[in-house]
Amino acid sequence: MQVLRHSEQTLKRALISKNPALVSQYEKLDAREQQLMKEAFQPTSDLYGPIILQSQSDWIISHPEAPQDFEQFFSSPYRKIPSPEKHSIYLLAIGSLGNTRVISEEYTKWLKGYCEAFFYGMSVKLLEPISVSATRCSFRVNDHTRNLQIHAGHILKFLKKKKPEDAFCVVGVTMIDLYPRDSWNFVFGQASLTDGVGIFSFARYGSNFYSSHYKGTVKKLHKKSSNDYAIFDNYFIPEITSVLLLRSCKTLSHEIGHIFGLRHCQWLTCLMQGSNHLEEADRRPLNLCPICLRKLQCAIGFNIAERYKALVRWIDDVNTPRATLKPSCEDNVHLPKPVEWKKQIIKE
C-alpha cells in the first residue's frame with residue numbers, strides 16, 4: 001500500500017493558482033465556499049484524504065500522466081465550455097436498461113435526476129431509447145467472457161450524427177458490454193471530447209458478471225448477415241441492484257466530467273481518480289475534491305451550496321413513492337439512492 005500525499009503548499013497552488021486573475025476569481029467565492037475549498041489543504045481535514053494506492057495495477061502506477069491543477073484546466077485550449085446555445089446534457093439508452101420497459105424507463109429517469117443535481121445548472125434531457133440495430137454498429141462475442149459486445153467507436157460516430165443543436169454533449173448508456181477495437185478485451189466507456197459524445201456500459205457492474213453462472217454468455221454467434229441483430233432480442237440484462245446503481249452514478253459523472261475538460265485527479269480522494277479495475281473504481285468516492293469541484297464550478301457557474309442542496313434533494317426523493325406508477329407487479333419500481341453519500345454532502 002502506498003499513500004500519495006501532497007504538501008499543503010502544493011495543494012493550495014493546485015486549487016488557487018498563482019495567477020493574479022485566477023486568485024481574484026477564487027476570492028469572489030463566498031465565505032462558505034472558500035471555507036469548503038480550504039479543506040483541500042488542511043492536514044487534519046476529515047473530508048478529503050490523500051489517495052491510497054493498493055496495488056501496482058492501480059491507475060496512477062499503470063498509467064502515468066501529468067496532474068492537472070486548476071490553472072491548467074482553465075487555460076486548456078481543448079476545454080469544452082457550455083454556452084447559452086449549447087447547455088444541455090442528453091442521455092440516450094441503447095438497448096434496454098432493465099428487464100421490463102418500466103424499469104428501463106425509471107432507470108433512465110433516475111440517471112437524469114442524478115445528472116441534474118451533479119451538474120447543477122445544466123439542462124439534462126432524455127432522447128428516445130433506441131435498439132442496438134439502430135446504431136448499425138459492429139458486434140462480437142468476447143473470446144474470454146463469451147458475452148456479447150458492441151463497438152464503442154461506431155456508436156460514437158452514430159451519436160455525433162444524432163447530436164441535437166442545443167447539446168453540450170450526448171451520452172449513450174447501455175447494459176451491453178463494449179470493445180473499442182478488435183485487439184482490446186473490453187472497455188467500460190469511451191468518449192470524444194472534441195465531438196462532445198460518449199458511450200458507457202454498465203454490463204460489468206452486475207453482481208455476477210465474472211462468475212461461471214453469468215446468464216449473458218453466448219456459445220456461438222450466428223449471423224445471417226452483417227445487418228442481423230436478432231441476437232440482441234431478449235438478450236440478458238443484469239438485475240438493477242444498489243451496487244450497480246452506485247457504480248453507474250460514478251461512471252456517468254466521471255466520464256461527463258472528462259467532457260467538461262477535467263482530467264484524472266491525482267491530488268486527493270476524488271470521483272475523478274482514474275480506475276484500472278472494478279475494485280479500484282469501487283474505492284472512488286462519489287464526491288469531487290475541492291480542486292476538481294472548482295474546475296466544474298468554473299465550467300458551469302453554479303453556486304456550490306445550492307448544488308449540494310440539489311444533491312440532497314435528489315437523494316431524499318428516493319424514498320418517496322412515485323404517484324405516476326401503477327400498483328401492478330411490473331410497475332412497482334423502487335430504485336435506491338446512495339443515502340450514505342448524504343452524510344458526506346451534509347459535512348461538506
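On a predicted model such as this, the values are computed, not experimentally measured, just so you know.
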Is it the case that atom [atom1] in [X] sees more than 12 heavy atoms from other parts of the structure closer than 6.0 Å?
| X | atom1 | result |
| --- | --- | --- |
| D233 | CG | yes |
| K163 | NZ | yes |
| R5 | CZ | no |
| K86 | NZ | yes |
| K80 | NZ | yes |
| F74 | CZ | no |
| Y78 | OH | no |
| E239 | CD | no |

Would you indicate whether the side-chain heavy atoms of [Y] and [X] approach each other to under 4.5 Å?
| X | Y | result |
| --- | --- | --- |
| S275 | F188 | no |
| H254 | Q273 | no |
| V170 | P164 | yes |
| M175 | P238 | yes |
| Y308 | V312 | no |
| T108 | P129 | no |
| D195 | L159 | no |
| K162 | L92 | no |

Of the non-hydrogen atoms in [X] and [Y], which two are nearest, and what is the gap between them?
| X | Y | result |
| --- | --- | --- |
| C137 | H154 | CB-CB, 3.8 Å |
| G261 | F73 | O-CD1, 3.5 Å |
| K18 | E71 | N-OE1, 4.2 Å |
| C270 | L288 | SG-CA, 3.9 Å |
| G216 | Y235 | O-OH, 2.6 Å |
| A203 | I176 | CB-C, 3.9 Å |

May I ask you to decide if [Y]'s main-chain N or O and [X]'s side chain share a donor-acceptor pair within less than 3.5 Å?
| X | Y | answer |
| --- | --- | --- |
| H151 | R140 | no |
| Q266 | E65 | yes |
| Q34 | L29 | yes |
| Q297 | F302 | yes |
| S133 | D228 | no |
| H87 | P82 | no |
| T174 | I94 | yes |
| K250 | L271 | no |
| E33 | K28 | no |
| N142 | T145 | yes |

Inset, instruction - Among F119, W110, F118, find the residue that satisfies the ring-ring contact (aromatic ring centres under 6.0 Å, His included) test when tested with W314. - result: W110
When you check the side-chain N and O atoms of [X] and [Y], is any donor under 3.5 Å from an acceptor?
| X | Y | value |
| --- | --- | --- |
| N276 | S57 | no |
| Y120 | N303 | no |
| Y107 | S248 | yes |
| S253 | Y114 | yes |

Looking at [atom1] of [X] and [atom2] of [Y], how far apart are the two atoms once the value is rounded to the nearest 0.5 Å?
| X | Y | atom1 | atom2 | answer |
| --- | --- | --- | --- | --- |
| F209 | N147 | CZ | CG | 4.0 Å |
| Y229 | R136 | OH | CZ | 4.5 Å |
| S201 | L178 | OG | CG | 4.5 Å |
| D316 | K337 | CG | NZ | 8.5 Å |
| K295 | L262 | NZ | CG | 5.5 Å |
| E106 | I103 | CD | CD1 | 9.5 Å |

Mind checking whether [X] and [Y] sit in one hydrophobic cluster, side chains of I, L, V, M, F, W, Y counted as touching below 4.5 Å?
| X | Y | result |
| --- | --- | --- |
| Y210 | F202 | yes |
| I291 | L4 | no |
| V124 | I81 | no |
| L47 | L15 | yes |
| Y205 | L91 | yes |

Legend entry - Aromatic ring pairing W267/H6, orientation class (parallel under 30°, perpendicular over 60°, tilted between): tilted
Inset, instruction - If the plane angle is over 60° it's perpendicular, under 30° parallel, otherwise tilted; pick one for H63 and W59. - result: parallel
Legend entry - Check: F139 ring centroid to F232 ring centroid under 6.0 Å: yes
Inset, instruction - Carefully, step by step, assess D58 and H277 under the rule side-chain contact (heavy atoms from CB on, under 4.5 Å). - result: CA-CA 8 Å; D58 281 4; H277 45 82; 3.1 Å; yes
Legend entry - E280/R284 ion pair, N-O < 4.0 Å: no
Inset, instruction - Decide, yes or no, whether a salt bridge links K109 with E105 under the criterion of side-chain N to carboxylate O below 4.0 Å. - result: no
Inset, instruction - Check step by step if side-chain contact (heavy atoms from CB on, under 4.5 Å) holds for S55 and E279. - result: CA-CA 11 Å; S55 73; E279 190 271 334; over 6 Å; no
Legend entry - Audit row: R247, V243, side-chain contact (heavy atoms from CB on, under 4.5 Å) steps and yes/no: CA-CA 6 Å; R247 288 169 173 170; V243 172; 3.5 Å; yes
Inset, instruction - Would you verify whether the NZ or CZ of R79 falls within 45 degrees of the ring axis of F260 while also being under 6.0 Å from that six-membered ring's centre? - result: no
Inset, instruction - Assess whether side-chain contact (heavy atoms from CB on, under 4.5 Å) is satisfied between Q190 and E255, documenting all intermediate values. - result: CA-CA 8 Å; Q190 190 173 356; E255 299 298 344; over 6 Å; no
